[in-house]
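Data first, discussion second: the structure below is written as structure tokens.
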Amino acid sequence: MRIIMMGPPGVGKGTEAVILVKHFNIPHISTGNIFRELFHDDTEIGKIAKSYIDRGELVPDDITNEIVHQRLSKDDVKDGFLFDGYPRNIAQAEALDKMLEEKNWTLDAVINFQATDELIIERISGRRVCKKCGAVYHIHNKPPKTEGVCDQCGGQLIQRDDDKQETVLRRLRIYYDQTEPVIGYYKDSGLIVNIDGSQTIEKTNADIMKVLGEMN
Ligand code: AP5
Ligand code: MG
């Protein structure tokens with residue numbers, strides 16, 4: 001299964017991705033997570049990426065596409081993968097097409113999450129992430145068993161630096177300007193699955209599973 005997940009920041013892509021990759025036993029490729037790990041590991045690319053992320057802007061395409069190219073050359077993607085947050089503009093979608101062509105691979109679905117800006121802002125403002133393992137929580141919708149502590153690894157839960165209100169508004173603007181047009185890019189492919197992201201985590205997952213089941 002080769003899946004792309006698209007949708008505005010904070011709509012729940014990462015949350016649903018974690019459930020799906022477990023079910024399909026495929027790697028979760030989140031460019032955002034890769035950039036955060038590169039920064040955490042004190043790499044040059046991580047530092048460059050963070051300077052864009054903190055402003056709510058897209059990391060330049062040459063860096064992003066190269067990271068994806070390298071990720072797709074690993075062995076574990078042979079039986080499928082799930083992209084979360086890539087491609088994020090038309091140039092990235094074209095670059096991905098080339099990478100897939102080289103490997104003679106085709107996509108199975110482009111899942112497009114939809115929700116209102118109000119809901120997105122509420123979700124992002126309540127989001128907490130584990131500093132150590134990156135697990136994602138929400139203070140009301142998905143609280144950890146102990147406040148401020150990760151259920152999975154005991155790490156400290158923090159707010160992402162790019163989750164400040166002003167940066168979120170910028171990320172949303174960039175989403176509408178640059179990322180939403182990518183839906184148009186895939187319009188004729190028959191791969192787009194529109195999902196109502198405003199439902200509960202479980203209901204959203206059930207909807208995705210139903211549509212994927214009907215497509216295959
Ligand atoms: P990235 O990490 O991809 O961030 P994003 O796309 O802005 O999306 P988020 O991770 O903020 O939201 P999400 O949809 O995953 O929601 P989540 O599941 O956490 O990218 C960060 C930055 O990296 C970008 O701004 C850019 O600078 C750079 N970058 C990344 N990819 C790039 C690319 N391809 N090109 C260039 N630059 C790139 O959920 C949010 C909250 O809601 C959580 O608290 C969760 O618990 C809660 N929640 C989730 N689902 C539900 C539900 N159904 N009901 C109730 N609560 C829910
Ligand atoms: Mg995410």
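Below, all heavy atoms of this structure are taken into account, side chains as well, without hydrogens, waters or symmetry copies. Source: prediction; values computed, not measured. Whatever order the structure lists them in is the order used to number ligands and atoms, beginning at 1.
- With a heavy-atom cut-off of 4.0 Å, Gln199 touches ligand 1 through its backbone alone.
- For Glu16, no nitrogen or oxygen atom sits less than 3.5 Å from a nitrogen or oxygen atom of ligand 1, counting backbone and side chain alike.
- For ligand 1, one of its N or O atoms has an N or O atom of Gly12 under 3.5 Å away.
- A continuous path of hydrophobic side-chain contacts links Ile90 to Leu100 [ILVMFWY only; heavy atoms under 4.5 Å].
- Against a heavy-atom cut-off of under 4.0 Å, Thr64 is close to the following atoms of ligand 1: 33 (C), 34 (N), 35 (N), 36 (C).
- Close contacts between ligand 1 and Arg160 involve ligand atoms 1 (P), 2 (O), 4 (O), 9 (P), 10 (O), 11 (O), 21 (C) [criterion: under 4.0 Å to a heavy atom].
- With a heavy-atom cut-off of 4.0 Å, Phe113 does not touch ligand 1 at all.
- Close approach to Gln92 involves these atoms of ligand 1, each under 4.0 Å from a residue heavy atom: 33 (C), 34 (N), 35 (N), 36 (C).
- Listed by number with element, the atoms of ligand 1 under 4.0 Å from a non-hydrogen atom of Tyr137 are 43 (C), 44 (O), 46 (O).
- Assignment of Gly56 to the shell around ligand 1 is not supported, since no heavy atom sits closer than 4.0 Å.
- Counting heavy atoms under 4.0 Å from ligand 1, residue Ile174 does not touch it at all.
- Counting only heavy atoms from C-beta outward, the side chains of Thr43 and Phe39 never approach each other to under 4.5 Å.
- Atoms of ligand 1 lying under 4.0 Å from at least one heavy atom of Ile201, given by number and element, are 50 (N), 51 (C), 52 (C), 53 (N), 54 (N).
- Below 4.0 Å from some heavy atom of Glu57 lie the following atoms of ligand 1, by number and element: 26 (C), 27 (O).
- For ligand 1, the atoms closer than 4.0 angstrom to any heavy atom of Thr31 are 30 (C), 31 (N), 32 (C), 33 (C), 34 (N).
- Across Lys142, Arg128, Arg170, Arg127, heavy-atom proximity to atom 9 (P) of ligand 1 is greatest for Arg127.
- For ligand 1 and Asn141, the ligand atoms under 4.0 Å from any heavy atom of the residue are 55 (C), 56 (N).
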